[in-house]
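Labels below follow one simple rule: chain letters A, B, ... track the order of the sequence lines, proteins then strands, and each chain is numbered from 1.
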Number of protein chains: 2
Amino acid sequence: MANKKRTTLKDIANVLNISPAAVSKAMHDDSRISDKTKKAVKRIAKELDYQPNHLASALRKGKSNLVGVIVPRTNSNFFSSVLEHMEAVLNKAGYNIIITQSNESFDKECKNIDTLLFTQVDGIIASMANETVDLSHYEKIKSKGIPLILFDRGENDLNVDYVGINDYDSSHMIVEHLVEKGCKRIAHIGGYRRTRIFNNRIKGYVDALKKNDLPIDDSLIIESSLTLEDGRREMERLLQLENRPDAVYVASDYAALGALQILNENEINVPETIRLIGFGNELFTSLVTPSISSIEQHSKDIGRLAAETFLKRVNEPELKQSLNKIILKAELIVRDSSK
Amino acid sequence: MANKKRTTLKDIANVLNISPAAVSKAMHDDSRISDKTKKAVKRIAKELDYQPNHLASALRKGKSNLVGVIVPRTNSNFFSSVLEHMEAVLNKAGYNIIITQSNESFDKECKNIDTLLFTQVDGIIASMANETVDLSHYEKIKSKGIPLILFDRGENDLNVDYVGINDYDSSHMIVEHLVEKGCKRIAHIGGYRRTRIFNNRIKGYVDALKKNDLPIDDSLIIESSLTLEDGRREMERLLQLENRPDAVYVASDYAALGALQILNENEINVPETIRLIGFGNELFTSLVTPSISSIEQHSKDIGRLAAETFLKRVNEPELKQSLNKIILKAELIVRDSSK
DNA sequence: TATATTTGCTTAATCGATTAAGCAAATATA
DNA sequence: TATATTTGCTTAATCGATTAAGCAAATATA
């Protein structure tokens with residue numbers, strides 16, 4: 001149990017009677033060190049179980065090889081899959097990631113940013129909390145010259161790298177699909193317009209209606225936080241309308257599930273009477289009855305691309321001027337709720 | 001965008017014409033520094049937006065104030081909730097956490113451990129992957145003298161601190177509940193006995209049957225990896241038995257869901273014909289039809305207690321001898337599948 | 001008044017790894 | 001053979017913060 005001291009470069013140097021500087025260079029295969037010395041150093045390093053002191057090299061090099069990640073929550077298929085694939089890419093490049101959760105809270109998000117800056121991460125990859133409107137904390141990251149990459153929930157105003165899906169087009173796909181099925185009154189339970197992605201979904205929805213010569217009815221367009229409870233409440237409101245919708249497009253699977261619960265409780269046939277489509281392709285959408293049609297956001301690609309964008313920023317600083325905005329095409333998964 | 005240099009203690013020292021050592025002490029409220037100097041230092045620190053260089057102090061103090069966490073996956077209510085509450089406690093104590101996922105893979109788990117040791121975390125809090133049998137990687141952590149705390153998926157052989165629920169008792173609760181409902185042939189789709197918690201669930205199940213004078217039927221006891229697919233396959237096998245069970249206790253919600261799908265597909269009434277109980281109280285258990293009875297594992301408490309156990313290890317090293325094993329009582333949430 | 005103690009700082013070393021600068025020996029080139 | 005270049009290392013400084021040791025001035029005590 002005794003906490004033995006770690007082996008240092010100096011220990012290796014002492015064994016071989018050379019300087020620590022030579023050992024350091026040997027470990028990094030410096031061309032000015034002889035093969036004989038390199039071999040000897042590596043042999044002793046292995047013998048003494050040498051593990052480089054990451055803190056010391058990080059301090060000296062001014063680089064921690066840590067990347068901070070902020071997600072609204074890990075408890076979702078989308079974010080956990082993004083994290084998994086992001087980590088794979090970054091690990092391969094020698095980076096470790098520190099994952100933090102904002103729990104959709106603006107305060108927690110600010111604290112997370114402070115924490116990550118304090119830990120001296122080399123970059124931050126984030127998806128914004130629903131609550132976030134004030135961007136000054138993100139500006140702080142930018143002003144420190146630390147690479148910032150946003151994914152999924154981004155903000156145009158911040159003017160930073162971004163990876164996400166095409167929300168505008170996704171709304172089009174959904175509306176087209178519903179129109180094909182004969183729907184004429186399509187409601188939209190959306191997020192708040194101040195969040196870019198939700199604004200784009202609303203705009204896509206409105207434009208797609210126009211394109212299909214369907215009237216725009218403001219009573220069918222709702223903004224909310226998109227929790228399960230919001231879905232229940234707003235679906236109830238829609239059912240109280242004189243002229244009920246024949247389809248509901250919900251901008252989040254959680255809210256869609258709430259809506260479905262209300263429809264089931266009121267014994268309204270889905271999809272026969274009202275068709276329902278969610279967003280995010282969460283695991284449960286395929287498990288509930290009826291299963292919910294939803295939009296797959298390509299979490300693997302988003303995770304991978306966000307990581308690669310960060311690596312580009314770090315490894316090719318000459319690209320500093322340009323902005324990387326990567327917009328992926330989403331995929332509509334049709335299930336029982338809209339068949 | 002220019003990457004301005006960070007403010008250092010030396011910068012503050014220069015402004016005030018005192019030594020960096022005095023500044024360091026002033027920032028830490030050393031009793032040998034005058035109030036006047038402390039105030040001046042703190043004023044200038046704020047003015048220059050001083051942020052301590054965490055790497056430097058960590059190197060000097062031999063302490064990173066980072067805690068590594070390994071979970072099989074974040075994409076589950078249980079683990080994400082554990083993480084959230086663990087983080088809250090550790091943040092309050094000045095620690096940040098690095099979350100890693102093993103994805104239930106032994107190889108990934110070994111890599112995670114290496115990564116965390118490399119990052120020089122002050123401790124590791126882990127829940128083991130299903131695959132893990134060889135414990136040498138965990139022994140490595142112990143041999144370095146770094147505190148190791150296991151939660152949920154632990155191992156007796158490792159002889160380290162542990163926080164989890166009483167799996168043995170949980171099985172009793174489940175069996176008692178089913179017996180009360182009149183069940184006579186209760187099957188158990190469990191995990192592998194080599195994992196402590198699954199072994200305990202099996203033992204609890206067997207002993208509870210004995211206690212209620214029910215016969216032990218080996219064809220009703222199944223070991224598996226407890227994925228959704230395992231649940232489907234094993235439920236199908238149970239249905240092919242000449243003498244079908246009238247209840248199935250599944251040691252994981254995912255496998256329970258698979259079992260439920262098979263029951264629904266075969267139009268077997270749940271709970272009338274076969275009652276079903278899962279384990280873990282995942283979100284979806286309350287969402288599917290019929291909703292699945294399950295065991296709530298008190299993730300909040302587990303997260304909090306694991307963090308507190310780590311803090312105890314660090315702050316009270318004189319306790320080094322004793323072992324902390326915290327076993328919580330779980331709760332059975334009765335839903336439609338067993339009513 | 002003479003000595004002891006306390007106060008408030010400074011000096012210098014340290015945590016390990018890295019790197020610029022430099023030097024002697026070996027080798028290449030004219 | 002005389003000079004230039006390369007090779008293979010060493011020396012010393014550095015990244016910032018911390019801390020043991022120490023010193024002078026201020027204050028307390030005898």
Do the side chains of A:Arg313 and A:Asp161 get close enough for a salt bridge, i.e. N-O under 4.0 angstrom? yes

Between B:Ile18 (CD1) and C:dT7 (P), how many Å, whole number? 19 Å

Under the 3.5 angstrom rule, does the side chain of A:Asp152 hit a backbone N or O of A:Val163 as a donor-acceptor pair? no

Can you give one letter per nucleotide of nucleotides 24-29 of chain C, going 5' to 3': B for a protein heavy atom under 4.0 Å from the base, S for sugar-phosphate only, - for none? ------

Nearest-Å distance for atom pair CG/P, residues A:Leu16 and D:dT10: 10 Å

With sequence neighbours excluded, give me every salt bridge (Lys or Arg N to Asp or Glu O under 4.0 Å) pair touching residues 81-110 of chain A. A:Arg73-A:Glu104, A:Glu87-B:Lys108, A:Glu104-A:Arg153, A:Lys108-B:Glu87

Give me the residues of residues 32-42 of chain B where at least one heavy atom lies under 4.0 Å from an atom of DNA chain C, by number, or none. B:Arg32, B:Ile33, B:Ser34, B:Thr37

Give me, pair by pair, the N or O atoms of the protein and of nucleotides 15-18 of chain C that are less than 3.5 Å apart, along with how far apart they are.
from   : atom 1 : to      : atom 2 : distance (Å)
C:dG16 : N2     : A:Ala56 : O      : 3.2
C:dA17 : OP1    : A:Tyr50 : OH     : 2.6
C:dA17 : OP1    : A:Asn53 : N      : 3.2
C:dA17 : OP2    : A:Leu9  : N      : 2.5
C:dT18 : OP1    : A:His28 : NE2    : 3.4
C:dT18 : OP2    : A:Ser24 : OG     : 3.1
C:dT18 : O2     : A:Arg60 : NH1    : 2.3

Any pair counted as side-chain hydrogen bond (donor to acceptor under 3.5 Å, both in side chains), so long as it reaches residues 17-33 of chain B, sequence neighbours left out: B:Asp29-B:Lys42

Check side chain to side chain donor-acceptor pair (under 3.5 Å) between B:Ser34 and all other residues, then give those that pass, not counting sequence neighbours. B:Thr37

By ring pair (Phe, Tyr, Trp, His ring centres under 6.0 Å), A:His54 pairs with (sequence neighbours left out) B:Phe118

Rounded to the nearest Å, what distance is computed from the CG atom of residue B:Asp30 to the P atom of nucleotide C:dT7? 12 Å

Donor-acceptor check, side chain of B:Ser127 to backbone of B:Val71, threshold 3.5 angstrom: yes or no? no

Row check, A:Tyr162 ring normal vs A:Arg196 NZ/CZ: under 6.0 Å, within 45°: yes

For DNA chain D, which consecutive runs of 3 or more Watson-Crick or G-U pairs (each distance under 3.5 Å) count as stems? C:1-30 with D:1-30

Residue pairs, two or more places apart or on separate chains, that pass salt bridge (Lys or Arg N to Asp or Glu O under 4.0 Å) and touch residues 45-62 of chain B: B:Arg43-B:Glu47

Can you list, by residue number, the residues of residues 114-123 of chain B that have a non-hydrogen atom closer than 4.0 angstrom to DNA chain C? none

Residue pairs fulfilling ring pair (Phe, Tyr, Trp, His ring centres under 6.0 Å) with at least one residue in residues 123-152 of chain A, sequence neighbours excluded: none

Do B:Ser136 and B:Asp134 meet the criterion of a side-chain donor-acceptor pair at a distance under 3.5 Å? yes

For A:Phe310, the ring pair (Phe, Tyr, Trp, His ring centres under 6.0 Å) test, sequence neighbours excluded, returns A:Tyr95

Go through it in stages, so that I can follow the logic: the residues are B:Tyr50 and B:Leu9, the test is side chain to side chain contact (heavy atoms under 4.5 Å, CB included), and I'd like the CA-CA distance, side-chain angles, deciding distance and then a yes or no. CA-CA 8 Å; B:Tyr50 170 72; B:Leu9 287 186; 3.3 Å; yes

Determine whether B:Lys312 and B:Glu308 satisfy the following criterion, salt bridge (Lys or Arg N to Asp or Glu O under 4.0 Å), listing intermediate values before the conclusion. CA-CA 6 Å; B:Lys312 245 191 219 163; B:Glu308 286 169 359; over 6 Å; no

Taking only Lys NZ, Arg NE, NH1 and NH2, and the carboxylate oxygens of Asp or Glu, determine whether B:Asp301 and B:Arg304 approach each other closer than 4.0 Å. yes

